[in-house]
Amino acid sequence: MNEMKKYFVPLALSFAVTTAVSAASTLDEVMKERGLTQKDLLAAAKTYTPTGGRDEYIVFASGGQSGQVIVYGIPSMRILKYIGVFTPEPWQGYGFDEESKRVLAQGRIQGKDITFGDTHHPAISETAGEYNGRYLFINDKANPRLAVIDLHDFETKQIVVNPIMKSEHGGAFVTPNTEYVMEASQYAAPLENNFEPLSNFNDKYRGAVTYWKFDDKVGRLKPEESFSVELPPYSQDLSDAGKLVSEGWSFHNSFCSERYVGGIESGRPPFEAGCSQKDTDFLHVINWKKGEELFKAGKTTKINGHDVISIKTAVEAGMLFLIPEPKSPHGVDVSPDGTHIIVSGKLDSHTWVYSFEKMMAAHKAKKYESTDPYGIPIVALKDALHKQVNVGLGPLHTQYDAKKCVVFTSIYVDSMVTKWDYCEGKVLDQMPVHYNIGHLMAMEGDSVSPDGKYLVALNKLAIDRFNPVGPLHPQNHQLIDISGDKMQLLYDMPLPLGEPHYAVGIKADKLKPGIRYESGWDSRADQRSEFRTRAGREKIERSPGKVNVFGTLIRSHITPEIIEVTEGDEVTIHLTNLERAQDETHGFAMYGGNFNLSVEPGKTSTAKFIAEKPGVYPYYCTEFCSALHLEMQGYLLVQPKGYVAAAKGMDEGQKYTKADYDKQVKTNLDTQAVIDSVVGFITSHNYSDFPTVVALVEDATEQLGFAGESKKKAEEYATQGDFQNATLWAGQWWQYQVKTADLGLRAKTFLEENGAKKVK
Ligand code: K7E
Ligand code: CUA
């Protein structure tokens, strides 16, 4: 009992510690002391989420130059996770275990490892135009790549490299049933991976849009079922898929349709001058369903082994045409009902609303004003335009409200959001943001039924909004309440990881992430690992020059705890986390080893290295997983070549006697009494009505089972009079009891705090 108290009293105390923020105890006093207004309090009340509370929406924001994805909740704006995508991320073991290294290796560019990514546009998989919450896609602008993240475990599963592009901005955008994930190029280059002088720009440089086939059942993109459409070298910018009436079509805007090539160093005007001369650029309209037919009929050209529909073929099939769009546009956004498409010109204060019905009528009637230099027909602006609306200087992106006809457009130069009606063409409200907004994002904003409610302004500059942290500032995501007629600013969130270009927000209850893997799971390949190891089956296999370790992790030991290898051996350590309990992740790191495994319950992960130098290499668990976490340790001993071990037992520090054994057993019996009383409390309440408690009880029962096994070993050694081993095993028995009690107490507290009822 005393031993128990020693352990549990500090634990109990830690709950009682609260930080005294201020002496003020009434709302009025706090307001006065912190200088808060009624408006501030209202905003706080709309975002503050008490402990244990959940968010209504989950946001996936691109991590910009970090090459990652940032996950946060709305309205709390609490960051929940960074997902390693194109860049190694050690906490998740991403790029530090063999399984995830294979994913990153899929992203090699022409054989070279690329560990940087410029993530831009995340997209959630859809069913009938609604977010289904199963997969997330995101693109890399710098090296045209797409990644697939499984929202069952929030892990990156696949990276595909675009076979023909050298730059990419118009991805990832999904078609309404996630048949395809679209990716449009940005800076034109030869589609083949060869050299062409810039003097051949018009003839040999090209843009393209790739339609990556997605297999929803296995959750992977299928390169062999994917195709591209060749496009002129116009710097295609963003994409969006048609929906409902416009389903089957995709839209891609572009800038620099001047096809200007800079060269400031040799006295030529720079790109920015030459790329903004014309009053209009081109909106590309493509029938991807027709493209799919042509691809299946073999009407493609192979470039770098990839199927490409040429401009000529696309034009002849009537699946590609252009429409003038405002100068240097950015963003193309299809309305939820698919009837309208909004494009903003960065260098025009007008936003242009196109009618899908009108453009289709002109296209069907072959009513074109001309063709571009590549023979692509151009529908006249007047034959496709619904409205031009003056929304502010430097409009970029548009998001749709739940209310019909209502949209929000980001205004970069004026640093504001304009709320307007695209049916009537009138401005409804404007609100300043801080500062220079890029994208904006409404809840479920890309779906056929946006929720409205909240809008996030993804601002490019933060300037004076936060405590200064040096010349490199965080980004500023501002949460805006859009449920009323007037927009209301609620919260500023600094994002210090990279520049999130775009984000998508999904209703939280659509996500169904797991809390554990099936036992022995290779999470990156989504299958049972061939290196799965079960309790008691741990082993070390040796062959010349190679050592393979099949180990396990469970509170609070790594099996094996001693690994002996020889200098020069290639060592592979496979570790399976035997835990079933929620949040019981174990890590694995070693002196001199540039790896960290994150082994979540059920997972099998692998570390691999060459034991180059003789020496002693401690290893340990890197997650504070239990009270005896620090003891979750071991040694890798790298013996010099030809080393012969002396015949000598373990030189341990402490010798134990029968008295030590009896003392430990007494402690254990006292501990068991505590456990019994906690169990009594739990079982006398309606605990089975609380899934959290049921899980804790399962975990506790498992730990208690292990305690029983150790007890048996201790007693066997005691019978033989080996009190050294008997005492040590009795100690292990107690360790399992402590874990059991820890879980039991957590369950008891939960029941007390959540109004459990006494049943017997
Ligand atoms: Cu920053 Cu969509 Cu690349 Cu606009 S993008 S701002
Ligand atoms: Cu496992 Cu610390």
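By convention here, the first residue in the shown sequence is residue 1. Atoms within each ligand, like the ligands themselves, are counted from 1 in listed order.
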Evaluation steps, side-chain hydrogen bond (donor to acceptor under 3.5 Å, both in side chains), between E168 and N139
CA-CA 8 Å; E168 182 258 278; N139 68 320; 2.6 Å; yes
Charged N to carboxylate O below 4.0 Å: is that the case for [X] and [Y]?
{"X": "R145", "Y": "D140", "value": "yes"}
{"X": "K603", "Y": "E155", "value": "yes"}
{"X": "D699", "Y": "R555", "value": "yes"}

Does H121 put an N, O or S atom under 2.8 Å from atom 2 (Cu) of ligand 1?
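Checking H121: at least one N, O or S atom is under 2.8 Å.
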Residue part near ligand 1, for K141, under 4.0 Å between non-hydrogen atoms
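Neither; no heavy atom under 4.0 Å.
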Might you confirm whether atom OH of Y435 has over 12 heavy atoms from other residues, nucleotides or ligands at distances under 6.0 Å?
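Counting neighbours around OH of Y435, more than 12 heavy atoms of other residues, nucleotides or ligands fall under 6.0 Å, so yes.
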Given V343, T280, V285, the one that forms side chain to side chain contact (heavy atoms under 4.5 Å, CB included) with I323
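The passing option is V285.
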So, with waters excluded, how many protein N/O/S atoms does atom 1 (Cu) of ligand 2 have closer than 2.8 Å?
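My tally for this metal is 4.
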How about Y400 and D333: does a side-chain donor come under 3.5 Å of a side-chain acceptor?
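Their side chains do not contain a donor-acceptor pair, so the 3.5 Å distance test is not met.
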Do Q478 and D492 pair up side chain to side chain, a donor and an acceptor below 3.5 Å, judged on atom types alone?
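Yes - a donor-acceptor pair under 3.5 Å links their side chains.
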Is any protein N, O or S atom closer than 2.8 Å to atom 1 (Cu) of ligand 1, and if so, which?
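As for protein N, O or S atoms lying under 2.8 Å from atom 1 (Cu) of ligand 1, they are H501 ND1.
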With a 6.0 Å cut-off on ring centres, are H284 and H252 close enough?
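When the ring centroids of H284 and H252 are compared, they turn out to be at least 6.0 Å apart.
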Do the ring centers of H501 and H397 come within less than 6.0 Å of each other?
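No - the distance between ring centres of H501 and H397 does not fall below the 6.0 Å cut-off.
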What atoms of ligand 1 come closer than 4.0 angstrom to any heavy atom of H169?
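The atoms of ligand 1 under 4.0 Å from a heavy atom of H169 are 2 (Cu), 3 (Cu), 5 (S).
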Give a yes or no answer on whether the side chain of S415 reaches the backbone of N436 with a donor-acceptor pair at less than 3.5 Å.
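It does hold such a pair.
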